[in-house]
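Accompanying notes for the structure given below.
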2 protein chains.
Amino acid sequence: MLGNGRKVKTAPMNIRENIRPGGRSARVQASVHKAVRDLLSTMDRGDVTIPLIAAEAGVTPSTIYRRWGDLQELLADVAVEHLRPDAPPKDTGSARTDLELWAEQYADEMASGPGRAMIRDVLSSTGTETRNAGKCCGYTREQLQAIAARADDRGEAFPDVETVIDHVVAPIMFRILFDETPAAAGQVRLLVEKVLPER
Amino acid sequence: MLGNGRKVKTAPMNIRENIRPGGRSARVQASVHKAVRDLLSTMDRGDVTIPLIAAEAGVTPSTIYRRWGDLQELLADVAVEHLRPDAPPKDTGSARTDLELWAEQYADEMASGPGRAMIRDVLSSTGTETRNAGKCCGYTREQLQAIAARADDRGEAFPDVETVIDHVVAPIMFRILFDETPAAAGQVRLLVEKVLPER
DNA sequence: GATCTAAAGGCAAATTATTTGCTTTAGTAA
DNA sequence: TTACTAAAGCAAATAATTTGCCTTTAGATC
């Protein structure tokens, strides 16, 4: 610990974990996020610009440039917020059906038009401060851990979470990103089948 | 801008399968590609702009805007060219070692700094929808098919190419894209082990 | 080879986005 | 309250992008 008592000048401040979360900052952030969501739902993604968002949010463009840096960072920020799950995976009574249901929903959401767009936004942000893609992966891990924990409580066998990520989540995501044909529900079930221990 | 206020964003022709591939077009394309490569190797990715590339390539910025549309499309175009394999996978004598070697090289190349950057460029190009990413996936498929065909010639058992993509390629790529920790060589070998039939 | 046609490139003006210096506002803590 | 300062606003300066118009040239036809 250096302890020289000098305040380190935090350069461009963290976007999400705000240093000063009080009133105005939060209001501006909410307003800008809402503007982005509204504009994206109305118009073509390629036509959305920062000056446009600023106008919609009732804010000066320079505010957005100073806080987010550029359009991609802002879009990624908004996307991550949307990709955060709002509830733990549904409890269907067994780990097998829990995972099947979760994986099918995951595949559907991510393969949808808005889903794909959000993934792209998250992946193309270069901000090293806030690992956006890492956060998404973290959300997924949490969801799977919840399923695994319930399986454990019930005394059911369940594979390691990393195994599920490698052999269920990764194939689904790979096909969404690189292939024109997303995995169908049947294929997802097959992937799940494969990682689960023998019945 | 008149009327409906919608930007028409004239589709920049097909970039790669050129309608007119003769002399000058080809020369300009080569020159621009080279400029991009040179600049990316010299400076920070965020500082590369189209006017800069144009100056380096000895063309007018508007030429680039007209042909590629924007920086992301151009970067994606250059990246795809680099990601195209220059030779079939090395023949090591057995399908197992062929696949092991190929997968380890694939993981290394893709996880490297330039590799990651190229993947990001390819994925964030929106112009031709999934075309660019699809091409990369196509290259991978071809490489795997070559290995599979050789296995077949030798009378060795070998899994379906799609299975290899799901359970070897996808996990490697997923971790590169979403996780901070790329798969290590040992983990890659483990993935390969899993998809190969029992010895 | 000569001629024609249109795609693609160059140039420059017009537009739009981004950066930046300075000022003002408003949370936070003494 | 007052002092302090991060964050927002404003506006001028800079840079990127779009566009119209003109020139060059690849590719086709004779």
Side-chain angles (χ1 to χ4, degrees), chain A residues 5-33 35-36 39 43-75 77 126-127, chain B residues 1-33 35-36 39 43-75 77 126-127:
Chain A
R6 172 170 295 189
K7 254 189 202 169
V8 176
K9 177 111 178 169
T10 48
M13 70 221 62
N14 279 336
I15 296 162
R16 198 123 285 293
E17 23 299 321
N18 275 318
I19 294 164
R20 190 179 247 191
R24 187 161 67 157
S25 273
R27 230 156 35 232
V28 166
Q29 157 139 342
S31 170
V32 169
H33 273 221
V36 170
L39 288 175
M43 54 194 308
D44 198 38
R45 142 172 258 82
D47 295 336
V48 175
T49 65
I50 286 187
L52 230 158
I53 294 165
E56 174 83 11
V59 151
T60 325
S62 65
T63 293
I64 297 182
Y65 287 114
R66 286 208 160 100
R67 268 185 82 162
W68 282 276
D70 64 14
L71 183 60
Q72 288 207 319
E73 286 302 316
L74 174 54
L75 292 178
D77 191 35
T126 59
Chain B
M1 231 183 296
L2 296 174
N4 57 9
R6 165 168 282 161
K7 238 186 269 178
V8 177
K9 195 129 197 177
T10 50
M13 306 301 129
N14 278 338
I15 296 160
R16 198 122 288 292
E17 26 296 328
N18 272 322
I19 294 166
R20 190 178 252 194
R24 186 163 66 159
S25 275
R27 229 157 34 234
V28 166
Q29 157 140 340
S31 169
V32 169
H33 273 222
V36 170
L39 289 175
M43 56 194 305
D44 198 38
R45 149 170 253 78
D47 297 336
V48 175
T49 64
I50 285 186
L52 231 160
I53 294 165
E56 174 84 9
V59 299
T60 326
S62 64
T63 293
I64 297 182
Y65 287 116
R66 286 208 160 100
R67 266 184 83 163
W68 282 276
D70 63 16
L71 183 59
Q72 288 210 317
E73 286 302 315
L74 173 54
L75 292 178
D77 191 36
T126 179

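Computed from a predicted structure; not experimentally measured. Proteins get letters first, then strands, A, B, ... in listed order; numbering begins at 1 in each.
- The nucleotide whose nearest atom lies closest to any side-chain atom of P51(A) is, among dA17(C), dA26(D), dA7(D), dA17(C).
- Atom CG in D47(A) sits roughly 14 Å away from atom C1' in dT16(C) (whole-Å rounding).
- For R67(B), taking side-chain heavy atoms from C-beta onward, the closest of the listed nucleotides dG9(C), dG9(D), dT18(D) is dG9(C).
- Between the C1' atom of dA16(D) and the CD1 atom of I50(A) lies a distance of 14 Å, rounded to the nearest Å.
- One can place CD of E73(B) at 17 Å from C1' of dT18(D), the figure rounded to the nearest angstrom.
- The side chain of R27(A) sits closest to dG27(C) out of dG27(C), dT17(D), dG10(C).
- Comparing atom distances between the V59(A) side chain and each of dG9(C), dG9(D), dT18(D) picks out dG9(D) as nearest.
- To the nearest 0.5 Å, the span separating NE2 on H33(A) from CD1 on I53(A) amounts to 10.0 Å.
- To the nearest angstrom, P of dA16(D) lies 7 Å from CG of L52(B).
- Closest to the T49(B) side chain, of the nucleotides dT19(D), dA8(D), dA16(D), is dA16(D).
- A donor N or O paired with an acceptor N or O is not found under 3.5 Å between the base of dT18(D) and the side-chain atoms of R66(B).
- For T60(A) and dG9(D), the shortest distance from a side-chain N or O to OP1 or OP2 is below 4.0 Å.
- For R24(B), the side-chain atoms get nearest to dA26(D) when compared with the rest of dA12(C), dG9(D), dA26(D).
- As a whole-Å value, the separation of W68(A) CH2 from dA7(D) P is 12 Å.
- The CD1 atom of I64(A) lies 6.0 Å from the CG atom of L74(A); values are rounded to the nearest 0.5 Å.
- Atom-to-atom distance recorded for L75(B):CG and D70(B):CG is 9.0 Å, nearest 0.5 angstrom.
- Following rounding to the nearest Å, D70(B) (CG) and dA16(D) (C1') show an atom-to-atom distance of 12 Å.
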Test side chain to side chain contact (heavy atoms under 4.5 Å, CB included) applied to M43(A) and L52(A), step by step: CA-CA 11 Å; M43(A) 54 194 308; L52(A) 230 158; 4.1 Å; yes
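- In this entry the distance linking CG of L74(B) with P of dT17(D) reads 11 Å, nearest Å.
- Within the structure, every side-chain polar atom (N or O) of S25(A) is placed at least 4.0 Å from both OP1 and OP2 of dA7(D).
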Working for side chain to side chain contact (heavy atoms under 4.5 Å, CB included), residues W68(A) and V32(A): CA-CA 11 Å; W68(A) 282 276; V32(A) 169; 3.9 Å; yes
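- Between the P atom of dA17(C) and the CG atom of L71(B) lies a distance of 17 Å, rounded to the nearest Å.
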